[in-house]
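Letters go in sequence order (proteins before strands), and every chain restarts at 1. Side chains are part of it too, since the values below use all heavy atoms of this structure and drop only hydrogens, waters and symmetry mates.
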2 protein chains.
Amino acid sequence: MATRLDPAQRREQILAATLRLVARDGFARVTLRDVAAEVGVVHGLIRHYFATREQLVAAAFDAAVLGELRADAEVEEGLEPVAALADWLSTTPRGHYLVWIDAWSEAPRNPELHAALTRHHRDSDRHLAGVIQRVVDAGHATSADPAADARMLTALVDGVAVQHHAIGLIDEAEADRIVFRAAEEHLKMQPGALSRTRPTPTRGLWATPPAAAGAPVAVAEPGD
Amino acid sequence: MATRLDPAQRREQILAATLRLVARDGFARVTLRDVAAEVGVVHGLIRHYFATREQLVAAAFDAAVLGELRADAEVEEGLEPVAALADWLSTTPRGHYLVWIDAWSEAPRNPELHAALTRHHRDSDRHLAGVIQRVVDAGHATSADPAADARMLTALVDGVAVQHHAIGLIDEAEADRIVFRAAEEHLKMQPGALSRTRPTPTRGLWATPPAAAGAPVAVAEPGD
DNA sequence: AGTGGTCTTGTCCGCGCGGCCAACACTGCC
DNA sequence: GGCAGTGTTGGCCGCGCGGACAAGACCACT
């Protein structure tokens with residue numbers, strides 16, 4: 001049924017499918033057979049690429065983390081400091097936040113996931129601290145301890161994402177508003193400085209760029 | 001094996017066991033047989049009390065929410081406004097936060113859980129807004145919009161709880177410090193006003209008080 | 001003492017799971 | 001043109017699951 005594929009491409013394809021299903025069903029409920037059906041192959045083939053289910057989901061999450069970091073790095077360059085900060089604080093869009101929330105709940109009982117999550121959070125904090133520092137250097141904000149402020153804002157962004165994505169208590173506009181106002185106040189920025197920057201159009205789905213081979217990796221459609 | 005029990009007590013016992021297992025294994029992985037073993041009965045008996053697995057976990061979560069609200073109400077009365085605020089903002093302790101985080105990840109695909117979560121969040125926000133209002137009335141803080149401030153602080157508390165409980169990136173002291181400083185600044189309180197209040201000793205485990213019958217419901221031990 | 005009700009047990013069923021593996025198909029090398 | 005090597009298939013296995021149910025144990029009431 002499925003045509004023979006370059007191993008690297010097939011691997012990427014499986015990882016992308018796994019991520020899509022994790023976002024939909026959660027880590028615990030994704031089965032090898034689900035992934036195989038999503039890719040369009042037999043479940044035995046999945047095991048040809050990943051020895052166990054655990055390794056599969058861990059690899060998928062790791063790919064997501066790497067993709068996220070790469071996307072952050074892309075945003076970092078080419079944006080003015082204030083716009084970069086606004087963009088970072090409003091990363092909220094995209095269904096992949098559900099993967100993150102699911103990872104939080106799995107982390108206490110999955111060491112690999114926990115390690116990836118820790119690394120990601122540390123890197124994100126460091127990145128945000130850098131963005132804050134640049135805003136401060138540009139004279140648009142004040143921060144005695146960018147690292148501490150980054151930690152606080154990361155927590156706020158995560159908590160707001162929960163209220164928006166998981167519970168649906170607030171919409172995206174309000175989510176951004178809450179975070180922006182808190183950041184402006186905390187960093188002593190001009191009120192509205194963040195809100196006024198146009199949020200960059202949200203790129204495609206998290207990670208799974210053509211990576212090495214340049215092959216068009218299948219990516220989740222809104223309806224798929 | 002298990003002695004015949006008052007139905008209400010047995011029900012509470014099953015719910016408490018379910019909550020314990022959900023905290024340990026997550027909603028998706030708790031099985032009827034797990035719960036039965038935890039209680040010390042046969043898995044058929046669980047189905048005598050709860051028609052389906054879904055109803056069981058939903059009921060367990062609902063009980064947790066009610067218990068939480070009751071505990072919040074207990075705290076509310078009998079504490080000075082500033083101390084009450086500090087207590088609320090530092091609810092972080094206790095393993096039951098893992099249940100909350102897990103509920104966030106399950107909510108998008110479990111309507112009952114989603115409803116319970118929404119209700120709980122709304123009630124919590126309203127409660128916190130009331131606490132803030134009382135602090136303001138007492139002249140210890142300023143808030144133009146207690147409801148909005150409550151929403152922001154709730155998000156911050158949740159995000160900090162993730163960093164502390166799920167990822168272990170920060171310890172409890174730092175979690176409290178982050179939230180307290182942000183609240184003091186945002187509500188224009190005297191710096192350190194919140195940190196200086198002694199946190200109330202954390203009560204027993206979440207909810208599962210003897211409720212009606214006054215029966216000593218089995219409760220998780222740290223080592224169990 | 002008998003009776004009805006229900007708490008409790010033990011066992012059975014079909015299903016889907018992760019994992020395993022022998023056979024097939026395709027490709028590139030000699 | 002044969003011959004590895006490996007991507008791919010499809011079916012098998014044992015297990016634990018949620019669910020179902022008949023029978024037993026115990027209690028309350030008459």
Got a salt bridge between A:R119 and A:D62, using NZ or NE/NH1/NH2 to carboxylate O under 4.0 Å?
yes
Parallel, tilted or perpendicular, as decided by the 30° and 60° cut-offs, for the rings of A:F61 and A:W100:
tilted
In whole angstrom, what separates B:I46's CD1 from C:dT9's C1'?
13 Å
On DNA chain D, compare the nucleotides closest to A:L45 and B:R53; which residue's is nearer the 5' end?
A:L45
Length of the CD-C1' vector between B:Q9 and C:dC7, whole Å
13 Å
Assign each of A:G44 and B:E54 to its nearest nucleotide of DNA chain D by heavy atoms, then name whichever residue's nucleotide is nearer the 5' end.
A:G44
Roughly how many Å is it from CG in B:D6 to C1' in D:dA28, rounded to a whole number?
14 Å
Against the side chain of A:Y49, the closest entry in D:dA20, D:dG7, C:dG18 is D:dG7
Check the distance between D:dA25's C1' and B:H48's NE2 and give it to me in whole angstrom.
13 Å
Whole Å only: how far is the CZ atom of A:R47 from the P atom of D:dC12?
18 Å
Do B:L169 and A:R151 make a side-chain contact, defined as non-hydrogen atoms from C-beta onward lying under 4.5 Å apart?
no
Test: A:D102 and B:R109 ion pair at under 4.0 Å
yes
Considering all heavy atoms, the nearest A:G159-B:D158 contact:
CA-CB, 4.4 Å
Interatomic distance where CG belongs to A:L5 and P belongs to C:dA25 [whole Å]:
19 Å
Per B:P7 side chain, nearest of listed nucleotides C:dC17, D:dT6, C:dC7:
C:dC7
Taking donor-acceptor contacts at under 3.5 Å, does the side chain of A:R33 reach the base of C:dG16?
no
Options C:dG10, C:dG19, D:dG19, nucleotide nearest the side-chain atoms of A:T52:
C:dG19
Does D:dC17 have OP1 or OP2 sitting under 4.0 Å from an N or O in the side chain of B:R29?
no
Between the side-chain atoms of B:R4 and the base atoms of C:dT6, is any donor-acceptor pair under 3.5 Å?
yes
Quick one: A:Q13 CD to D:dG7 C1', roughly how many Å, whole number?
13 Å
Assign A:L32 to base, sugar-phosphate, or nothing according to its heavy-atom contacts below 4.0 angstrom with the strands shown.
sugar-phosphate
Quick one: A:D25 CG to C:dC17 P, roughly how many Å, whole number?
11 Å
Is it the case that D:dG19 (base atoms only) and B:H43 (side chain only) share a donor and an acceptor within less than 3.5 Å, ignoring hydrogens and angles?
yes
